[in-house]
Amino acid sequence: MNCQPYPDVRIISHGCVIPLGIGRCATRERLRSVRDGIAAVRLFSVEACRSKTAGQVPATLRDTARAISAKSARWTRAAQMILVAMAEALDASPGFVPDCVILGTTSGGMTLGEEFYRDLDRCHPAWHSGRKVLSYYPQQPIQQALDVFGFRAPVRIISNACASGTNALGLAFHMIRSGAARRVLAGGYDALAELVFAGFDCLRASTPDKCRPFDAARSGLALGEGAALFCLQPDGGAIRLAGYGSTVDTHHLTQPHPSGCGPHSAMKRALATAGYTPDDIDYINAHGTGTEFNDASEARALLELCPDTPVSSTKGMTGHALGAAGAIEAAFCTEALQHNFLPANINFRHSEFPLAIVANTVRPAPLHRTLSNSFGFGGANASLLLEKCPA
């Protein structure tokens with residue numbers, strides 16, 4: 001029984017832009033029809049890379065953004081993603097004016113940095129690239145979108161690897177519960193960047209095959225991109241953020257602790273802040289990147305805490321959107337709660353761990369509570385508990 005004395009943190013609305021499509025309806029439809037959103041990279045050359053595929057948002061992004069604001073035609077793809085996701089969230093929440101904005105990201109203005117150094121390499125004078133330098137800051141694309149809607153709210157950036165989007169929602173959760181803010185616009189964004197893609201390829205963390213989370217033959221992650229934003233406040237809305245947990249295991253720069261102690265602690269803290277036990281959880285959206293060490297560590301944590309709970313990683317469909325991943329997957333959990341289905345873990349063939357994997361097909365299920373996990377480089381671990389509000 002939940003006995004928390006704190007105010008609720010309700011999800012009033014959300015908007016998303018992901019490789020499966022643009023908007024909530026497209027997201028839900030393609031999640032339920034089990035679409036694979038990972039395809040050949042079209043944004044830059046990958047000729048010299050082992051991996052050739054990634055999750056990329058639809059090419060209609062630019063036109064969708066221009067329909068909201070003509071100014072966006074000159075913006076980065078990251079800014080366009082934020083604008084479209086923000087517009088959808090605000091359109092479903094008339095009168096919502098945020099007290100503050102909290103977004104997670106890892107790449108930030110990386111694509112502008114790439115353009116800037118290409119200009120220098122071509123011997124273009126640096127002053128020609130002044131706009132790129134000014135727009136490099138990770139808060140700049142958020143501010144551009146806020147200006148379209150006339151908002152002057154302070155912006156806070158969370159950047160702690162792949163847990164960034166989840167921790168941004170977690171900070172919003174604490175701000176509302178503590179009374180530091182009443183209305184918060186929170187989520188995450190990351191656009192696919194060539195330098196990031198090449199970096200993961202050099203680490204041999206990305207796969208030349210299909211992304212196969214929790215599969216015995218998994219060979220690495222597929223990168224993705226996107227944005228998801230949530231309008232949060234203490235009342236209204238049918239779904240609430242009921243719990244949040246965050247830990248740091250400091251085991252290794254890029255590898256999780258093999259015991260799964262960090263993920264385990266993050267999930268336990270999310271349950272504790274919500275006042276629930278593992279038996280109260282109906283579904284877990286796993287971090288599940290498809291890499292050898294990450295999946296093994298998370299599987300151990302899940303087997304110790306809630307071995308029989310249905311679990312899936314949706315990254316086989318979307319790719320790993322890094323700082324945006326936690327926010328995107330919280331949106332998936334919101335859709336699953338609202339429409340009572342278990343998202344599929346695609347490309348799954350052979351089990352290595354005795355988990356209750358939702359393998360390859362969506363399943364209908366009466367859902368009340370879900371956990372959404374995000375674990376990043378440096379041992380950053382975060383988990384959110386989302387709950388369907390009583391009628």
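Numbering of residues begins at 1 and proceeds along the displayed sequence.
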If you round to the nearest 0.5 Å, how far is [atom2] of [Y] from [atom1] of [X]?
X: Arg240; Y: Leu385; atom1: CZ; atom2: CG; answer: 9.5 Å
X: Gln80; Y: Arg62; atom1: CD; atom2: CZ; answer: 7.0 Å
X: Ser51; Y: Leu221; atom1: OG; atom2: CG; answer: 8.0 Å

Looking at every non-hydrogen atom in both residues, tell me the closest pair between [X] and [Y] and how far apart they are.
X: Ala191; Y: Arg77; result: CB-NH1, 4.2 Å
X: Ala85; Y: Val17; result: N-CG2, 3.9 Å
X: Ser159; Y: Thr105; result: OG-O, 2.9 Å
X: Glu225; Y: Pro19; result: O-CD, 3.2 Å

- Message: Evaluate Glu304 against Lys268 for salt bridge (charged side-chain N to carboxylate O under 4.0 Å, His left out), listing each step before the verdict.
- Response: CA-CA 11 Å; Glu304 184 175 343; Lys268 281 190 69 175; over 6 Å; no
- Using ring pair (Phe, Tyr, Trp, His ring centres under 6.0 Å) as the criterion, point out the one residue from His320, His287, His257, His264 that pairs with Phe375.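 For Phe375, the ring pair (Phe, Tyr, Trp, His ring centres under 6.0 Å) check succeeds only for His287.
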Distance-only side-chain donor-acceptor flag, [X] / [Y], under 3.5 Å:
X: Gln233; Y: Arg183; result: yes
X: Tyr189; Y: Ser107; result: no
X: Ser372; Y: Asn285; result: no
X: Tyr276; Y: Glu387; result: yes
X: Thr247; Y: Ser265; result: no
X: Thr277; Y: Asp280; result: yes

- Using the test side-chain hydrogen bond (donor to acceptor under 3.5 Å, both in side chains), find all partners of Arg300 that sit at least two apart in sequence or belong to another chain.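 Checked Arg300 against side-chain hydrogen bond (donor to acceptor under 3.5 Å, both in side chains); zero matches.
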- Item | Partner residues of Ser383 under the side-chain hydrogen bond (donor to acceptor under 3.5 Å, both in side chains) criterion, sequence neighbours left out |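 Residues passing side-chain hydrogen bond (donor to acceptor under 3.5 Å, both in side chains) with Ser383: Asn373.
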Any heavy-atom pair between the side chains of [Y] and [X] that's under 4.5 Å?
X: Arg24; Y: Thr334; result: no
X: Arg369; Y: Leu386; result: no
X: Leu229; Y: Leu185; result: yes
X: Cys306; Y: Ile281; result: no
X: Ser13; Y: Cys231; result: yes
X: Val57; Y: Ile22; result: no

- Task: Begin with the C-alpha distance, continue with both residues' side-chain angles, and end with the deciding distance and a verdict on salt bridge (charged side-chain N to carboxylate O under 4.0 Å, His left out) for Glu352 and Arg218.
- Result: CA-CA 10 Å; Glu352 179 179 352; Arg218 65 192 182 278; 2.6 Å; yes
- Check the pair Leu342 / Val362 against side-chain contact (heavy atoms from CB on, under 4.5 Å), numbers first and verdict last. CA-CA 6 Å; Leu342 300 173; Val362 168; 5.8 Å; no
Side chain to side chain contact (heavy atoms under 4.5 Å, CB included) with [X]: which residues, sequence neighbours excluded?
X: Thr361; result: none
X: Ala330; result: Leu169, Phe230, Leu384
X: Lys71; result: Ser69, Trp75

- Item | Of Asp8, Asp99, Asp235, the residue whose pairing with Arg182 passes salt bridge (Lys or Arg N to Asp or Glu O under 4.0 Å) | Asp235
- Query: Which of these passes salt bridge (Lys or Arg N to Asp or Glu O under 4.0 Å) with Asp36: Lys210, Arg212, Lys315?
  - Reply: Lys210
- Message: If the condition is ring pair (Phe, Tyr, Trp, His ring centres under 6.0 Å), which residues does His174 pass it with, not counting sequence neighbours?
- Response: Tyr244
- Checking side-chain contact (heavy atoms from CB on, under 4.5 Å) for the pair Phe332/Thr318: CA distance, chi angles, key distance, verdict? CA-CA 11 Å; Phe332 292 170; Thr318 63; 3.7 Å; yes
- Query: Does a sphere of radius 6.0 Å around CZ in Arg30 hold more than 12 heavy atoms from other residues, nucleotides or ligands, not counting ones at 6.0 Å or beyond?
  - Reply: yes
